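Everything below concerns the one structure shown next.
For ligands, and for the atoms within them, numbers begin at 1 and follow the listed sequence. Owing to the predicted nature of the structure, the values given are computational and were not obtained by experimental measurement.
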Amino acid sequence: MNETSIIARHFQSHTQRADVLLGIGDDAAILKAEENLVMSLDSLVVERHFRMDDTPADIGYKALASNLSDIAAMGATPCWAMLSLSLPPEIDEAWIAEFMQGFNALAKAWDVLLIGGDLVRGPLVISIQITGKTNKPPLLRSGAQPGDRILMTGDIGAAGLAWHRDALLSGLDASLRDACRERLLHPQPRIAEGLLIADFAHAAIDISDGIFLDLKRVLDASKVGAELKLDQVALNPAIAEIPLKDDWLLPFMAGDDYELLFTLDSSQFVPLTEAFAKAGIKTPLTQVGTITAPTDLQCFYHGKNVALPEVFGFDHFGQQIK
Ligand code: ADP
Ligand code: MG
């Protein structure tokens, strides 16, 4: 295999977008845009974001999904992707083809076009840069205000169980067990939800590193605090079936859920749920707490104050949860 033929065979797309004046094949791509552009980049490495025994298609899907989730959290529409692949010699062309199958399945679903990238030999690292568009005021981490309600989409915990406690899953009903593994491998970026939330919310973030840490990021950026009601956080149904005992906080710390966490004025809750209903979006919205003026994060479980562990989320450069 050589680089040019791999690019032609696996990365060049047959689909198009009117705003892509020049795609893959030259020294750079050329885009046309009138809107504000929203950009993010994420790299995935083995044993941090995926496991070597995940299928290449699963890795391709997840790599794109986690990137799209960042654009969703900004309330923008993802449009263009760039893909950098560092591949060790043992990875063959069949792996690339399968990886791209997973990548393309999700790209197609959201009309995201791969417009360029890079291919090098090295340890397996996948980097994706996504650009989205928006005409709305951006949805930032820094906009939360005292009195805001804190909401989340969907439910959390399943991906963390599948990553950290896969052995426990074998005791579960097959459908619950498969649903957990599916959440880890195939998270659904909340793009449609983010676009609607942008019309009503003050602040938002995607829950990639656990609800404690991601909420804390919103609080720090907004210079506010919060009361989080752990008993109200929407946990995946599998969590109730698992004997977590001492590590019952795992679902709040594990991450990889890619749900959205956001804050809004309480008067905006009903209009938001009406907008969801009108758009036919069935993703549940759950109120999990309140933004406060004092800048600390207070957690309650059925009214009882719960102390946060010293390390309460996934931080690549800090200590990590076991
Ligand atoms: P150069 O040497 O000028 O950087 P390359 O040979 O790396 O060019 O790339 C040629 C074309 O193929 C460029 O348009 C580049 O964006 C695209 N490309 C290379 N690798 C990838 C990839 N992994 N995914 C998508 N496009 C790629
Ligand atoms: Mg290059």
- Indicate yes or no: does an N/O atom of G25 lie under 3.5 Å from an N/O atom of ligand 1? yes
- Note: ligand 1 atoms sitting under 4.0 Å from heavy atoms of D26 are 11 (C), 13 (C), 14 (O)
- With a cut-off of 4.0 Å, which atoms of ligand 1 are near a heavy atom of I24? 12 (O), 14 (O), 17 (C), 25 (C), 26 (N)
- Message: Applying a heavy-atom cut-off of 4.0 Å, say which part of I7 lies close to ligand 1: side chain, backbone, both or neither.
- Response: side chain
- Task: Would you mind listing which atoms of ligand 1 come within a distance below 4.0 Å of any non-hydrogen atom of L114?
- Result: 24 (N), 25 (C)
- Message: Please determine whether a side-chain nitrogen of the Lys or Arg among R190 and D206 lies less than 4.0 Å from a carboxylate oxygen of the Asp or Glu.
- Response: no
- Message: Among G117, A81, S127, which one puts a heavy atom closest to atom 16 (O) of ligand 1?
- Response: G117
- R183 bridged to D256 by N-O distance under 4.0 Å: no
- Query: Taking NZ, NE, NH1 and NH2 as the nitrogens, is one of them in R181 or D166 under 4.0 Å from a carboxylate oxygen of the other?
  - Reply: yes
- What atoms of ligand 1 come closer than 4.0 angstrom to any heavy atom of L119? 20 (N)
- So does R217 pair up with D214, basic N to acidic O under 4.0 Å? yes
- Query: Any ion pair linking E34 and K133 (charged N to carboxylate O, less than 4.0 Å)?
  - Reply: no
- ligand 1 atoms nearer than 4.0 angstrom to some heavy atom of L83 are 22 (C), 23 (N), 24 (N)
- Query: Side chains of W80 and Q129: closer than 4.5 Å at any heavy-atom pair?
  - Reply: no
- Message: What verdict does the side-chain contact (heavy atoms from CB on, under 4.5 Å) test give for I59 and F103, after you've listed the backbone C-alpha separation in whole Å, the side-chain angles of each residue and the deciding distance to 0.1 Å?
- Response: CA-CA 8 Å; I59 299 171; F103 181 100; over 6 Å; no
- Message: Below 4.0 Å, non-hydrogen atoms only: which portion of E3 touches ligand 1? Side chain, backbone, both or neither.
- Response: side chain
- Near D27, which atoms of ligand 1 are under 4.0 Å from a heavy atom of that residue? 3 (O)
- Query: Would you call R177-D173 a salt bridge at under 4.0 Å N-O?
  - Reply: no
- Any idea which of D118, I96, I6 brings a heavy atom closest to atom 21 (C) of ligand 1? D118
